[in-house]
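Below, all heavy atoms of this structure are taken into account, side chains as well, without hydrogens, waters or symmetry copies. Throughout, residue positions are numbered sequentially from 1 according to the sequence presented.
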Amino acid sequence: MKKDFHAIIAAMTAEEKVALLTGSGLWRTAAFPQHGIGDIVMTDGTYGVRYSTSQIEQGENWNITDFLAVIGQSAGDVEQEEQKGGSEALFSQSKPATCFPNGSTLACSWDIDLVYQMGEALAKECQEMGVGILLGPGINIRRTPLAGRGYEYYSEDPVVSGDIAAALINGLQDGGVGASLKHFAANNSEYRRTEMDSVVEERALREIYLSGFKRAIDKSNPWTLMSSYNLLNGAQTSQDPWLLTHVLRHEWQYQGLVMSDWYGIKDRPASLLAGNDLAMPETQHDKQTLLQAINQGEIPQNVLDESCMRMLTLVDKVQQHRKVGVKADYHQHHRLAQQLAAESIVLLKNEDNILPLQAGRKTTIAVLGKPAQEPVIQGSGCATTVPYRLDRPLDEIFDVAGDDFTIQYAIGTPEDNSIDEDAQAHAVDVARNADIAIVFVSTAIGEDGENGDRKDLNILPSHDALIRAVARQQPNVVVVLANSDAVVMPWLSDCKALLETFFAGQGMGRAVADILFGHANPSGKLTITVPNTLEETPAWLSYPGENLRHHYSEGIFVGYRYYDRRKLTPQFPFGFGLSYTQFSYANLTTSVSQLLEGNALSVSVDVTNSGKMAGKEIVQLYLSAPQGELTREALALKAFAKVHLNAGETKTVTLVLNWQDFACFHPALAAWVVDAGEYHLHVARSSRDIAISTTVSLCVKPYYLPLKADNSLQQLINNPPAFDRVVKLLVSKNALPESQVREKLIAIAPDLFCGLFIALTEFLAIDITRSELAAALQDPDADTRVRT
């Protein structure tokens with residue numbers, strides 16, 4: 001029986017409405033049995049279910065130290081506890097769950113179908129634990145590799161971020177569990193994250209930082225969205241009407257619920273008025289101030305009731321989809337975690353085709369480094385998951401190698417923060433006597449996470465030293481790297497092969513072993529640009545900001561857009577990744593050669609596996625726009641697809657571009673615009689490896705910038721409709737023929753540097769007022785012509 005939400009709201013007191021729109025404890029919403037309203041259990045995280053039995057199940061007996069323990073938790077503590085066989089001692093007794101690849105790894109799969117399956121698996125684990133909302137995914141742009149939570153986020157590009165997020169959300173919500181897309185918006189560093197003001201020009205905000213959110217919302221309709229901690233252009237995001245109402249609800253037509261990040265609200269009445277429906281977690285002060293504002297008439301009844309309606313709709317949706325008695329198949333989920341890791345790990349270097357390792361060729365293998373036994377699989381903070389199971393790379397290497405190889409292990413780096421000369425010397429000795437050395441290295445555990453950013457882009461100094469020491473004695477070095485985000489690689493020339501795992505979750509060990517021995521063909525590709533130095537990164541000069549203001553001075557030129565425009569060669573480009581086979585491209589065609597306004601375009605290309613091993617290729621479609629009034633990127637990713645091909649097989653891949661994909665945001669018009677002209681379409685292996693290109697012409701009505709009385713006469717002439725209107729105004733004033741007025745204005749325009757009003761009144765002695773001129777300059781069709 002469908003509930004009458006209007007009747008329920010009408011029957012609720014102001015106190016009950018306040019409670020409905022406020023958390024109950026840390027991880028629940030309020031229940032009202034008298035109105036037939038149950039509660040919702042929600043919990044982190046973005047790549048695994050972090051269910052804290054004490055925090056969720058102890059009712060009102062929680063305290064702030066529980067929450068702080070979660071925020072400050074190091075992933076290293078979780079792994080150490082897991083090795084002891086005790087997964088209940090940490091995270092206030094968190095339940096074990098599948099620790100899938102973190103965002104920085106997962107997106108490197110570029111595999112929409114596989115990410116959807118991960119969402120389905122997360123839903124089953126949530127249903128088993130009684131969780132109705134999973135607080136993720138997080139899709140903030142990885143603007144700087146220093147950002148503490150970069151490991152949770154997908155990419156420096158909004159197309160990748162939006163599409164991967166949508167796949168995860170669809171899998172999760174099709175399984176009956178709501179997502180909370182976060183953190184909205186421009187939360188791109190952890191430095192003083194609740195105080196900093198992200199100062200972003202509207203064009204960059206629209207095209208880069210909001211674009212991924214809109215793409216995810218359009219493709220998946222998440223049940224909830226989470227506002228962020230930071231300020232955005234002077235306004236707290238949790239109480240910003242422009243962001244939460246004008247953009248999110250009016251422009252994007254988002255109908256779901258907006259919740260705050262935990263303790264992210266500074267002014268509860270203001271946040272509700274702005275469109276932040278649910279305040280999390282429960283705080284008595286927020287409840288008191290909101291109730292007082294309601295009683296004093298400061299909150300319009302319709303605004304309060306609209307938020308209550310969204311909250312009741314969410315509660316009902318969660319209850320309708322709740323499944324009792326679900327048992328997640330954790331063994332199957334572990335296999336999925338292994339597959340996701342194998343599809344996401346990126347082979348960055350493979351000199352002399354040293355990989356894959358084959359029987360009868362380099363059969364004595366030295367495995368070195370502490371991470372081979374104690375793998376670094378995830379970041380630190382609220383997303384950190386107690387893994388249900390953990391594959392240790394060394395164990396998996398022994399298992400996959402079988403009797404065809406001789407494996408010897410040396411720890412080399414027993415302590416992360418210091419070099420153990422004896423252990424390092426022993427590792428070098430083992431490597432010297434082997435055919436090949438596989439060195440496992442990582443960044444410092446705990447340097448990533450919440451409320452603080454990385455200090456540099458280095459791996460652990462002890463791990464750097466191990467690579468160099470081994471390379472002096474062993475020419476065949478393979479490095480397996482675990483890291484939250486991009487690192488600098490001064491040791492790159494010391495290795496022949498490099499596997500980039502980022503934080504690949506509990507199945508990383510098996511995935512690495514399968515790739516090393518050729519049981520899996522690497523198919524991951526980077527979703528960020530790897531720099532040569534920290535100083536060359538786009539945000540370097542304005543990071544982390546000063547005076548609590550963080551200026552996004554690079555504008556739209558984030559990641560590869562910056563390197564391309566400046567013609568810099570990074571260490572590894574966006575979209576790059578090697579395979580054990582080769583792919584070729586041919587027969588690039590488009591559905592039309594001339595695209596009419598508002599239409600979509602299909603782009604097809606034949607992809608062939610020209611090597612000797614089955615593999616997967618990520619087909620990337622980039623767009624280059626013609627020169628217009630606004631500066632555009634050299635190229636921008638617009639679509640992608642992952643395709644499996646057997647050796648010698650050819651498949652046709654078709655990608656679709658919508659009209660919006662050709663648009664850019666024009667701040668002066670406060671609208672999206674498309675320039676007419678010839679656009680280049682590039683099908684590429686990476687942003688720096690274009691395989692095949694073609695062009696398409698766009699037919700679109702011209703748009704004109706708004707004019708003011710102080711614009712020049714030449715600018716007026718360059719706007720024919722406005723020029724016609726002004727000429728008619730002048731003819732009405734002096735009775736001269738229109739052609740004569742037009743010719744005279746055109747003749748003198750190049751020499752007049754002064755504003756238009758001065759030119760007409762002083763140089764031409766025409767008796768008009770500023771208001772008359774302003775009326776003539778006003779474009780009556782501006783609102784309808786330029787918006788897409």
Is there a side-chain contact between [X] and [Y] (heavy atoms, below 4.5 Å)?
{"X": "S52", "Y": "T43", "result": "no"}
{"X": "I556", "Y": "R632", "result": "no"}
{"X": "S24", "Y": "T29", "result": "no"}
{"X": "D453", "Y": "Y543", "result": "yes"}
{"X": "L272", "Y": "L290", "result": "yes"}
{"X": "N233", "Y": "V199", "result": "yes"}
{"X": "L481", "Y": "V487", "result": "yes"}
{"X": "L225", "Y": "K182", "result": "no"}

Is the backbone of [Y] close enough, under 3.5 Å, to the side chain of [X] for a donor and an acceptor to pair up by distance?
{"X": "Q55", "Y": "W27", "answer": "no"}
{"X": "S211", "Y": "P158", "answer": "no"}
{"X": "N102", "Y": "S104", "answer": "no"}
{"X": "Q620", "Y": "G575", "answer": "yes"}
{"X": "T224", "Y": "A179", "answer": "yes"}
{"X": "N170", "Y": "A166", "answer": "yes"}
{"X": "D261", "Y": "G264", "answer": "no"}
{"X": "S155", "Y": "T527", "answer": "yes"}
{"X": "S307", "Y": "L304", "answer": "no"}
{"X": "E156", "Y": "T529", "answer": "yes"}

Pair F574-W110, ring-ring contact (aromatic ring centres under 6.0 Å, His included): steps then yes or no: CA-CA 12 Å; F574 174 87; W110 301 64; 5.8 Å; yes

Under a plain distance cut-off of 3.5 Å, with no hydrogens placed, do [Y] and [X] share a side-chain donor-acceptor pair?
{"X": "S542", "Y": "S553", "answer": "yes"}
{"X": "S227", "Y": "N276", "answer": "yes"}
{"X": "S228", "Y": "T237", "answer": "yes"}
{"X": "S220", "Y": "R215", "answer": "no"}
{"X": "N187", "Y": "Y229", "answer": "no"}
{"X": "Y153", "Y": "H183", "answer": "yes"}
{"X": "E152", "Y": "T46", "answer": "yes"}
{"X": "Q506", "Y": "T98", "answer": "no"}

Point-to-point distance, once rounded to the nearest 0.5 Å, from [atom1] of [X] to [atom2] of [Y]:
{"X": "D163", "Y": "D111", "atom1": "CG", "atom2": "CG", "answer": "12.5 Å"}
{"X": "D456", "Y": "T533", "atom1": "CG", "atom2": "OG1", "answer": "12.5 Å"}
{"X": "Y51", "Y": "E125", "atom1": "OH", "atom2": "CD", "answer": "14.0 Å"}
{"X": "D286", "Y": "K266", "atom1": "CG", "atom2": "NZ", "answer": "11.5 Å"}
{"X": "L630", "Y": "R203", "atom1": "CG", "atom2": "CZ", "answer": "5.0 Å"}
{"X": "Y254", "Y": "L257", "atom1": "OH", "atom2": "CG", "answer": "7.0 Å"}

List for me each residue that meets side-chain contact (heavy atoms from CB on, under 4.5 Å) alongside [X], sequence neighbours excluded, and say none if there are none.
{"X": "A341", "result": "P101, A504, A511"}
{"X": "E202", "result": "R206, W242, F665"}
{"X": "P145", "result": "R454, L457, D485, A486, T537"}

Lys NZ or Arg CZ of R142 over Y154 ring: under 6.0 Å, within 45°: no

R268/D277 under salt bridge (Lys or Arg N to Asp or Glu O under 4.0 Å): CA gap, chis, key distance, verdict: CA-CA 10 Å; R268 181 56 180 133; D277 305 299; over 6 Å; no

Within 6.0 angstrom of E195 CD, more than 12 heavy atoms from elsewhere: yes

Greater than 12 external heavy atoms within 6.0 Å of E201's CD: no

Side-chain ion pair, R28 and E282, N-O less than 4.0 Å: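 No, this pair does not count.
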
CA sep, side-chain torsions, deciding dist, call: F503, V376, side-chain contact (heavy atoms from CB on, under 4.5 Å): CA-CA 7 Å; F503 290 159; V376 182; 3.6 Å; yes

Side chain to side chain donor-acceptor pair (under 3.5 Å) between N483 and E500, worked out: CA-CA 8 Å; N483 47 303; E500 169 64 89; 3.2 Å; yes

Candidates R565, R566, R561 - the one meeting salt bridge (charged side-chain N to carboxylate O under 4.0 Å, His left out) with E633: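 Among R565, R566, R561, the one that satisfies the salt bridge (charged side-chain N to carboxylate O under 4.0 Å, His left out) with E633 is R561.
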
Between Y552 and Y209, ring centroids under 6.0 Å: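 Between Y552 and Y209, the centre distance is under 6.0 Å.
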
Close aromatic pair by centroid cut-off 6.0 Å: F502 and Y151: no

Salt bridge (Lys or Arg N to Asp or Glu O under 4.0 Å) between E251 and K214, intermediate numbers included: CA-CA 10 Å; E251 291 187 19; K214 185 178 189 303; over 6 Å; no

Plane angle bin for H250 and H246 - parallel if under 30°, tilted between 30 and 60°, otherwise perpendicular: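 Rings of H246 and H250: perpendicular, as their planes differ by over 60°.
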
Intermediate values then yes/no, salt bridge (Lys or Arg N to Asp or Glu O under 4.0 Å), D661 and K638: CA-CA 7 Å; D661 291 320; K638 294 300 178 180; 5.2 Å; no

